[in-house]
J.: 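For reference, the structure I am asking about is given below.
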Amino acid sequence: MGIADLPPSRPMDLDKYDNVTDYSTWQPNSTVRLCNVPWDSSYRDIVKFDDKTAQDNYFNSLDSESMIWTRQTVVRFGKPIKIAMPFDAACKYNYLTVSYGRTGNDRTWYYFIQDVQFAANGVTELSLMLDVIQSFQFDVKFGRCYVTRGHVGIANQNTNSVDDIRGNLAIPEGLDVGAQYLTREVDYENYFTPAGTSVLITSTVEIDSTWPTESNNQPLSTATGSNFENFPSGTSQYIIPKADDLPTFMAKISAYPLVSQGIVKIKMIPAYTPAN
């Protein structure tokens with residue numbers, strides 16, 4: 001094809017792009033805000049707001065530093081962007097938002113701050129990654145679809161129904177609790193009461209033999225062993241049928257330290273009734 005064969009050029013209709021914005025270009029007079037959020041780019045914590053108003057209210061409530069972006073800037077993928085902020089101030093933040101205030105096309109883009117580098121006095125380089133969840137969560141609506149793998153089957157409220165929706169997953173999936181546990185609530189339940197339980201004592205000496213004292217000079221006998229719950233052990237096991245009697249027993253044995261020092265464990269067990 002020669003030059004003469006090229007189709008005639010026509011002027012591009014740039015007007016139709018005048019009010020179009022995307023996350024790769026920061027428009028003049030945009031508001032850039034640096035803040036801190038409790039989630040990161042690993043997406044282990046997905047934050048879903050009820051609506052855009054709830055999302056805006058959350059970010060407006062954060063301690064932040066803001067500036068007006070005065071020029072149009074292309075945020076190139078994988079390349080840092082420079083902002084007019086001292087390094088020691090910028091490195092305190094892990095998140096950045098850019099809000100456009102153009103009539104009829106107001107939009108906010110959300111970015112993770114992945115790295116902060118000193119560029120010059122009063123100038124800092126930020127390496128950014130778009131937070132896709134926050135930027136597009138109100139633009140996407142799930143309809144009818146096929147789920148081949150993921151968490152949907154586990155999260156469904158009918159997970160444990162008769163048909164067990166987990167069977168729709170293509171691969172086995174366990175419970176992912178994240179890198180750290182967080183205790184949100186603690187409940188206590190008393191399964192044993194002193195009147196309805198017994199006490200099991202484990203000892204390395206024979207408690208049921210004559211206890212040695214300075215006057216009787218009785219030799220101390222070590223445990224003869226036991227087969228408690230079909231498990232052979234070198235210790236002897238003793239049961240006080242009524243747990244209420246434990247304080248009386250401890251008060252008495254405290255005068256015989258050579259015997260009491262052999263006790264290695266005391267625990268409550270369900271009520272024990274001696275055989276006739």
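Atom set for the values below is all heavy atoms of this structure, side chains included, hydrogens, waters and symmetry mates excluded. Positions are given from 1, in the same order as the sequence printed here.
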J.: Fit a plane to each ring of F87 and F118, take the angle between them on a 0 to 90° scale, and name the class: parallel (under 30°), tilted (30 to 60°) or perpendicular (over 60°).
T.: perpendicular
J.: Can you see which heavy atom on C35 is nearest to which on L62, and at what distance?
T.: SG-CD1, 3.9 Å
J.: So which atom in W26 and which in V75 form the shortest heavy-atom distance, rounded to 0.1 Å?
T.: NE1-CG2, 3.3 Å
J.: Among side-chain atoms of E125 and S127, is any donor-acceptor pair under 3.5 angstrom?
T.: no
J.: Looking at every non-hydrogen atom in both residues, tell me the closest pair between D56 and K52 and how far apart they are.
T.: OD1-NZ, 2.6 Å
J.: Compare every heavy atom of D139 with every heavy atom of R107, then report the nearest pair and how far apart it is.
T.: NH2-OD2, 2.5 Å
J.: Taking the six-membered ring for Trp, are Y95 and F112 ring centroids under 6.0 Å apart?
T.: yes
J.: Before accepting this row, confirm whether a basic side-chain N of the pair D63/K92 lies closer than 4.0 Å to the acidic partner's carboxylate O.
T.: no
J.: According to a hydrophobic-cluster definition based on side-chain heavy atoms being under 4.5 Å apart (Ile, Leu, Val, Met, Phe, Trp, Tyr only), do V264 and I253 belong together?
T.: no
J.: Between S236 and A223, what is the shortest heavy-atom contact and its length?
T.: OG-CB, 3.4 Å
J.: For V205 and Y238, which heavy atoms make the closest approach, and how far apart are they?
T.: O-OH, 3.9 Å
J.: Please check: side-chain N/O of N94 versus main-chain N/O of V37, any donor-acceptor pairing under 3.5 Å?
T.: yes
